[in-house]
Amino acid sequence: AKEAGKNQYKLFHGEMEKTTQHRLMVQNDLRDAVKAGDIRLYYQPQIDAVSGTVYGCEVLVRWRHKKHGLLAPDVFIPYAEESGLIQLVDYYVLDQACQQARMWIDQGKPLVVSINLSGLHFRDKNILEKLRTALETHQLPPEYLGIELTEAVLIADAEVAMAVVSDIKAMGLKISLDDFGVGYSSLNYLRTLPFDVVKLDKSFIHGILTNPQDQRLTEGIMKLAQGLNLRVVAEGVESQEQMDYLVGIHCRLMQGYFFLPPRTCEDFEYWRAHWQPA
Ligand code: C2E
Ligand code: CA
Ligand code: CA
Ligand code: CA
């Protein structure tokens, strides 16, 4: 038992060290990575499964690290948030996304592009000016830019956050409440905030064919959303069966590996050009 305890301690210590090193790596390299263009925008389609059309797309960042390879957001976004570098990342993504959305309009294939904004942006009103500038710079009509935020945003400093959300909505942007159903879900937010879309968390979709509780919850959320005039996007759809089930409960907007995992712009455009609604 003593030995095991010792080993555990060692492991714990090792993990901490790894985390600390990782944090330092992110905080040292991220600024240069943004400058060098190593932060890449990947695109995932959002499908209207009833009409078979592409309803929009979500931008998900990847870091093409010179030494460590392709990094998923989960291994650098949290450290970027800790250090405030998240502003740099999100502003960069915002600018690039607006540029891309504008390009698609110019090519005659417009698409709503949604970006994820860290909760930290909702602590003050700076983000509003950044959004305005990006739209203006790229001459992008606001309805082509979507903002995804999680409800954690609203818990930290509810009053400021709510004011920022309302201002974003007033600018004409689409606002989605991300990861709905996990965490602190307060139905009150749905009532008081001007969301266009609620994104049903992928953990529900995962169990939707087999877990009666996930089924009941998903159906309940669908009914609630309909009553509140909110659109619902189901995340993490990985199979035809999941898609059919969702359509059966009147959820028509969805996103997931079944259609396409997040891809580079080039691959996404190729997919879109060849996408055949079933
Ligand atoms: P999220 O906004 O909830 O994004 C959905 C996640 O689900 C993405 O993970 C996506 O790749 C993944 N996903 C999509 N379809 C499927 C599927 O069918 N099955 C499964 N199992 N997963 C699927 P990803 O790309 O690793 O992003 C993780 C999180 O990082 C995002 O969660 C978002 O909160 C954050 N993030 C990504 N890009 C940005 C960004 O530019 N700024 C900020 N602040 N956060 C970002
Ligand atoms: Ca999202
Ligand atoms: Ca989500
Ligand atoms: Ca998430």
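Counting convention: from 1, in listed order, for ligands and their atoms alike. Along the sequence shown, residues carry numbers from 1.
- Near E235, meaning under 4.0 Å from any of its heavy atoms, are these atoms of ligand 1: 3 (O).
- Those atoms of ligand 1 that come under 4.0 Å of a heavy atom in S118, given as number and element, are 44 (N).
- At a heavy-atom distance under 4.0 Å, only side-chain atoms of P73, from C-beta outward, approach ligand 1.
- Residue contacts with ligand 1 include Q44, since one of its heavy atoms falls under 4.0 Å from the ligand.
- Nearest N, O or S atom of E148 to the Ca ion (ligand 2): atom OE1.
- A salt bridge links R132 to E129: at least one charged side-chain nitrogen sits closer than 4.0 Å to a carboxylate oxygen.
- Neither the backbone nor the side chain of D201 comes within contact range of ligand 1; no heavy atom lies under 4.0 Å.
- A side-chain N or O of H138 and one of D95 form a donor-acceptor pair less than 3.5 Å apart.
- The heavy-atom pair separating L60 from P262 by the smallest distance is CD1-CG, 3.5 Å.
- Those atoms of ligand 1 that come under 4.0 Å of a heavy atom in P262, given as number and element, are 11 (O).
- Interface of R62 with ligand 1, defined as ligand atoms under 4.0 Å from a residue heavy atom, comprises 11 (O), 24 (P), 25 (O).
- When every heavy atom of P110 is checked against every heavy atom of R272, the shortest pair comes out as O-NH2, 3.1 Å.
- Proximity of L60 to ligand 1, defined as any heavy-atom pair under 4.0 Å, is shared by backbone and side chain alike.
- N116 lies close to the Ca ion (ligand 2), since one of its N, O or S atoms is found at a distance under 3.0 Å.
- Using modelled atom types and a 3.5 Å distance limit, the side chains of Q255 and K199 yield a donor-acceptor pair.
- At least one heavy atom of D90 sits closer than 4.0 Å to an atom of ligand 1.
- Relative to atom 16 (C) of ligand 1, the option among Y257, Y92, F76 with the closest non-hydrogen atom is Y257.
- The only member of L41, V61, I115, V59 that meets side-chain contact (heavy atoms from CB on, under 4.5 Å) when paired with Q96 is L41.
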Run the side-chain donor-acceptor check on residues 214-229: report pairs under 3.5 Å with partners two or more places apart or on a different chain.
residue : atom : partner : partner atom : Å
Q215    : NE2  : I208    : O            : 2.8
T218    : OG1  : D214    : O            : 2.6
E219    : OE2  : Y245    : OH           : 3.1

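- The Ca ion (ligand 3) lies under 3.0 Å from an N, O or S atom belonging to D179.
- Side chains of Q240 and D244: a donor-acceptor N/O pair is present below 3.5 angstrom, by distance only.
- Annotation: N116 places an N or O atom under 3.5 Å from an N or O atom of ligand 1; distance criterion only.
- In terms of N/O distances under 3.5 Å, ligand 1 is not approached by E81.
- For a distance bound of 3.0 Å, the N, O or S atoms of E235 include one lying that close to the Ca ion (ligand 3).
- Within ligand 1, the atoms closer than 4.0 Å to a non-hydrogen atom of D179 are 3 (O), numbered from 1 in the order shown.
- Only the side chain of D74 comes within 4.0 Å of ligand 1, judged by heavy-atom distances.
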task: Before giving the answer on side-chain contact (heavy atoms from CB on, under 4.5 Å), spell out for W104 and V113 the whole-Å C-alpha distance, their side-chain angles and the decisive distance to 0.1 Å.
output: CA-CA 10 Å; W104 283 330; V113 177; 3.7 Å; yes
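- Summarising the geometry of I205 relative to G236, their closest heavy-atom pair is CG2-O, 3.8 Å, with the distance given to 0.1 Å.
- Every pair passing side chain to side chain donor-acceptor pair (under 3.5 Å) that includes a residue from residues 28-37 is listed here, sequence neighbours excluded: D29-H65.
- Distances from the Ca ion (ligand 2) to the N/O/S atoms of D178 are shortest for OD2.
- In this structure, E58 counts as a contact residue of ligand 1, since one of its heavy atoms falls inside 4.0 Å of the ligand.
- Those atoms of ligand 1 with a heavy atom of E238 less than 4.0 angstrom away are 17 (C), 18 (O), 19 (N), 20 (C), 21 (N).
- Taking the N/O/S atoms of E58 in turn, the shortest distance to the Ca ion (ligand 2) belongs to OE2.
- Every N/O-N/O distance between V89 and ligand 1 stays at or above 3.5 Å.
- For the pair R40 (side chain) and T264 (backbone), a donor-acceptor distance under 3.5 Å is absent.
- Between K169 and D196, at least one side-chain nitrogen of the basic residue sits less than 4.0 Å from a carboxylate oxygen of the acidic one, meeting the salt-bridge criterion.
- Within the 4.0 Å heavy-atom shell around ligand 1 one does not find H206.
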- request: Could you walk me through whether W275 and F259 pass side-chain contact (heavy atoms from CB on, under 4.5 Å), step by step?
  value: CA-CA 9 Å; W275 162 249; F259 306 100; 3.9 Å; yes
